[in-house]
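Lettering follows sequence order; numbering is per chain, from 1.
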2 protein chains.
Amino acid sequence: MATIKDVAKEAGVSVATVSRVLNETGYVHEDTKKMVEAAIQKLNYSPNEVARSLYKRESRLIGLLLPDITNPFFSELARGVEDVLQKQGFRLLFGNSDEDPEKEQAYIHTFIQNQVVGIVSATNPAGKINYENIAIPTVFLDRASDEEYAVYADGREGGRIAAHEMIRRGSKKITILKGPTYIRPAQDRFQGALDVLAQADVEFSVVKTDAFSYQEAQKRAKGMFDLYPDTDGIIASNDLVAAAILHEALRLGKSIPDDIQLIGFDDIPLSSLLFPSLSTIKQPVYEMGKQAAQLLLKLIKKETISEQHIQLPVQFIERQTTRKVEDDG
Amino acid sequence: MATIKDVAKEAGVSVATVSRVLNETGYVHEDTKKMVEAAIQKLNYSPNEVARSLYKRESRLIGLLLPDITNPFFSELARGVEDVLQKQGFRLLFGNSDEDPEKEQAYIHTFIQNQVVGIVSATNPAGKINYENIAIPTVFLDRASDEEYAVYADGREGGRIAAHEMIRRGSKKITILKGPTYIRPAQDRFQGALDVLAQADVEFSVVKTDAFSYQEAQKRAKGMFDLYPDTDGIIASNDLVAAAILHEALRLGKSIPDDIQLIGFDDIPLSSLLFPSLSTIKQPVYEMGKQAAQLLLKLIKKETISEQHIQLPVQFIERQTTRKVEDDG
DNA sequence: TTGAAAGCGATACCAC
DNA sequence: GTGGTATCGCTTTCAA
C-alpha cells in the first residue's frame with residue numbers, strides 16, 4: 001500500500017501539499033494539484049483511515065448494537081440505519097448483544113476503543129449500562145429513556161388500537177400476551193391494551209411471554225390454551241409470538257378468525273406470509289432505523305435538535321386473523 | 001480518555017514498561033507490574049485500538065459483506081460468523097451490497113482503508129470484483145470459486161434430492177424455478193434437479209426467477225401458473241420464492257400437497273411457520289457461517305489449511321407441502 | 001529489568 | 001502557495 005509519503009515523492013512535493021489536495025484545504029496551485037493527482041492515480045493511493053482517525057481522534061465508524069440480527073424486526077431496523085449512514089460515508093461496527101449486559105458492555109467498550117463517532121443501540125438491558133458518561137453521541141432505537149435521544153413507535157397507541165379492533169370485532173374473552181416488563185415498548189403496548197380493556201365490557205386475562213422469540217412463544221402457546229381454553233381473542237406481544245399462537249391454535253383445530261381472533265405487533269415480512277395471514281399493528285420499522293440514523297447524523301454534526309425523542313405512528317393492518325366488520329370508524 | 005502516557009506518569013515508569021505489562025511481552029518486575037496495574041485501574045485506562053492498529057498495520061476488525069441482511073438466510077449466516085469471531089475478540093465491519101458491484105467495491109475499499117485483518121463475503125457479484133490482488137485473507141460464503149477459500153452447501157445434491165423426493169411422491173409434471181445463473185449455488189441446485197429429471201419418466205419445465213426476493217417471486221408466481229396451469233410439482237429456488245408460490249397457489253384454490261407438491265430450499269425459520277408448512281432442502285446455514293469464520297481465523301493465524309473449500313451436506317426436511325409415502329429409501 | 005526514541009500514516013500549524 | 005515538523009497513542013528495537 002502506497003502512503004502519502006510515496007505520493008509526495010512521486011509528485012515531487014511535500015506531504016503537506018498532498019494532504020492539502022486530498023482534503024481540499026488551503027491553497028494549492030492548479031498545476032501542482034494536477035501533479036499530485038497524477039501521482040495518486042499512478043500509485044493507486046488511498047489514504048489510511050486508521051492514521052487519519054488517530055490524528056483526528058475520531059473515525060468514520062458508527063457502532064450498531066442490536067439484541068439479535070436474526071430477528072426480522074432488528075434486521076429491518078439495521079437496514080434502515082445502514083442505508084442512510086452508508087450514503088454519508090460512514091461504516092457500521094456491528095454487534096449482537098443477546099440482551100446480555102456483559103456482551104453489551106463489551107461491545108460499547110470496543111466501540112469506544114475504535115473511536116466510533118456515534119452509536120445506535122436497540123438493546124434493552126436488564127441492568128443499566130454506562131452510556132451516560134460516554135461522550136459519544138448515542139441514539140436509542142425502539143427504547144425510550146427520558147434523558148437520552150431515542151426513536152421509537154407509539155406502543156401505547158398500538159396497544160389501544162389492538163384492543164379496540166379486537167372488541168369491535170366481537171371478542172368477549174380476551175387474552176393479552178405481555179412481553180418482558182423491562183422492555184419498554186412491550187410494556188407500553190400492554191398498557192395501551194389495558195387502557196381500553198379496562199373500560200370495556202369484556203373479560204380478559206394476562207399471560208407473560210418472557211422472551212420475544214418464536215421457540216419461547218411456542219411453549220407458552222400450549223400453556224395458554226390449557227389455561228384459558230375459551231379465549232376468543234388474543235393480543236400477542238409481537239408477530240413472532242403471534243405466529244406461534246397461530247400454529248398452536250390451528251393444531252388444536254380452532255378456527256381462525258371464527259373461534260379466535262389474533263392480532264400481532266410489528267408487521268414483519270413473515271406476517272403476510274402466514275396462513276391465514278396475520279392482522280397486526282404495524283410499526284414503521286425501516287423508517288425508524290432511518291430516522292435514528294438521521295438523528296445521529298445531526299448529533300454528530302452538532303446541529304440543533306428540536307426534539308430528543310421521535311415517536312412514530314403505528315397502524316392497524318387488517319388481514320385474515322380478525323373478522324370483517326362494517327366500517328364504523 | 002487516559003492514554004498510555006498518563007498511566008506511565010501515574011505509575012512512575014516509562015510508556016515502554018506500561019506497554020510491556022499491557023501486552024505481557026518482555027520482562028517486567030513483579031512490583032512494577034503491580035504499580036502499573038494499579039495506575040491502569042485508577043485511571044480506568046483502556047488502550048486505543050486505533051493507535052495500536054496504526055503501528056501494527058492491522059486492526060482487530062473483520063469485514064463482513066452480505067447482499068442483504070434483511071434476508072433471513074443471510075442474517076443467520078451473519079450470526080454464525082459473528083458468534084465465533086466475537087469470542088476471539090474480533091469485531092465486524094458490516095455492509096449490505098444489494099448485489100451491486102459498486103457498493104461491493106466501495107465496502108471492500110473501506111475495509112482495506114480500515115486495515116481489517118480478514119474478510120467474509122457472501123456476495124455474488126455480476127461483474128468480477130478485485131479480491132485477487134488483496135493481500136487480506138478472504139473467505140467466501142455460499143459461493144464457490146476455484147481459486148478462493150469458500151464455504152458452501154452441496155447445492156447440486158440438494159437439487160437432486162428435491163427432484164427425487166418429488167418424483168417418488170408422484171408428481172408427473174414438474175416445474176423448476178431457476179434462480180439467477182450468475183449465482184453459483186442457485187445454478188448448482190438447478191443442475192442437480194436437472195440431473196435427476198432428465199433421467200426420469202416425467203415432464204418438466206423451467207421458469208426463471210430473476211431475484212431471490214419475495215416481491216419478485218410473487219409476480220413470477222402468477223405468470224408461472226398461467227403458463228403451466230397443470231403443473232403438479234414445483235421445485236423452488238429458495239424458501240422465500242416457495243412462500244410466494246404457496247400463497248399464489250392457495251389463492252387460486254389449488255390444494256397442497258394434493259394438487260401440487262412444493263419443495264423449497266434453505267429451511268429458513270419462516271418455512272416451518274407457513275401453512276401448510278414447507279417441505280424443503282435444509283442448508284446448515286448457521287453452521288456455514290461458523291465454519292467460514294473458523295476458516296478465516298486459521299487463515300489469519302497462518303495455520304495450514306487442509307482444504308480450500310468446505311462443502312456442507314444438505315438434507316430433506318419433510319413437512320406438509322409434499323405427500324406422505326411409504327419409506328422406500 | 002527498564003527507558004529513550006524511532007516509527008506507523010496521516011493532519012495542521014507556523015514559517016518562508 | 002509550499003514545506004518542515006510536531007502530534008495523535010501505541011509498539012518495539014536498542015542501549016544502558
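Contacts of B:Glu10 classified as side-chain contact (heavy atoms from CB on, under 4.5 Å), with partners at least two apart in sequence or in another chain: B:Ala39, B:Lys42, B:Leu43. For B:Val28, the side-chain contact (heavy atoms from CB on, under 4.5 Å) criterion is met by B:Thr17, B:Val21, B:Thr32, B:Lys33, not counting sequence neighbours. Judged as a side-chain contact (heavy atoms from CB on, under 4.5 Å), and not counting sequence neighbours, the contacts of B:Gln115 are A:Asn48, A:Val50, B:Ser53. With sequence neighbours left out, B:Asp6 forms a salt bridge (Lys or Arg N to Asp or Glu O under 4.0 Å) with no residue at all.
A donor-acceptor pair is defined here as one N or O able to donate and one able to accept, closer than 3.5 Å; no such pair exists between the side chain of A:Asp266 and the backbone of A:Ile268.
Screening residues 112-124 of chain B for salt bridge (charged side-chain N to carboxylate O under 4.0 Å, His left out) gives no qualifying pairs among residues at least two apart or on separate chains. Pairs of residues two or more places apart, or lying in two chains, that qualify as ring-ring contact (aromatic ring centres under 6.0 Å, His included) and include a residue from residues 86-117 of chain B are A:Phe94-B:Phe94. Residue pairs satisfying the side-chain hydrogen bond (donor to acceptor under 3.5 Å, both in side chains) criterion with at least one member in residues 83-95 of chain B, sequence neighbours excluded, are listed as follows: A:Thr110-B:Arg91, B:Arg79-B:Asp83, B:Asp83-B:Tyr286.
Note that the first and last nucleotides of DNA chain D, 5' to 3', having any atom under 4.0 angstrom from a heavy atom of chain A are D:dG1 to D:dG9.
Near DNA chain C, meaning a heavy atom under 4.0 Å from it, residues 29-39 of chain A has no residue at all.
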Which donor-acceptor pairs under 3.5 Å do side chains of residues 287-302 of chain A form with protein atoms, sequence neighbours excluded?
{"from": "A:Glu287", "atom 1": "OE2", "to": "A:Gln291", "atom 2": "NE2", "distance (Å)": "3.1"}

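Terminal axes of the helix from C:dT1-D:dA16 to C:dC16-D:dG1 (five pairs each, C1' rotation axis) are separated by 50°, to the nearest 10°.
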Quick test: give all pairs of protein nitrogen or oxygen and nucleotides 9-11 of chain C nitrogen or oxygen below 3.5 Å, distance rounded to 0.1 Å.
{"from": "C:dG9", "atom 1": "OP1", "to": "B:Arg57", "atom 2": "NH2", "distance (Å)": "3.1"}
{"from": "C:dG9", "atom 1": "N2", "to": "A:Ala51", "atom 2": "O", "distance (Å)": "3.4"}
{"from": "C:dA10", "atom 1": "OP1", "to": "A:Tyr45", "atom 2": "OH", "distance (Å)": "2.9"}
{"from": "C:dA10", "atom 1": "OP1", "to": "A:Asn48", "atom 2": "N", "distance (Å)": "2.6"}
{"from": "C:dA10", "atom 1": "OP2", "to": "A:Ile4", "atom 2": "N", "distance (Å)": "2.4"}
{"from": "C:dA10", "atom 1": "O5'", "to": "A:Tyr45", "atom 2": "OH", "distance (Å)": "3.3"}
{"from": "C:dT11", "atom 1": "OP1", "to": "A:Asn23", "atom 2": "OD1", "distance (Å)": "3.1"}
{"from": "C:dT11", "atom 1": "OP1", "to": "A:Asn23", "atom 2": "ND2", "distance (Å)": "3.0"}
{"from": "C:dT11", "atom 1": "OP1", "to": "A:Arg52", "atom 2": "NE", "distance (Å)": "2.9"}
{"from": "C:dT11", "atom 1": "OP1", "to": "A:Arg52", "atom 2": "NH2", "distance (Å)": "3.1"}
{"from": "C:dT11", "atom 1": "OP2", "to": "A:Ser19", "atom 2": "OG", "distance (Å)": "2.9"}
{"from": "C:dT11", "atom 1": "OP2", "to": "A:Asn23", "atom 2": "ND2", "distance (Å)": "3.2"}
{"from": "C:dT11", "atom 1": "O2", "to": "A:Tyr55", "atom 2": "OH", "distance (Å)": "3.4"}

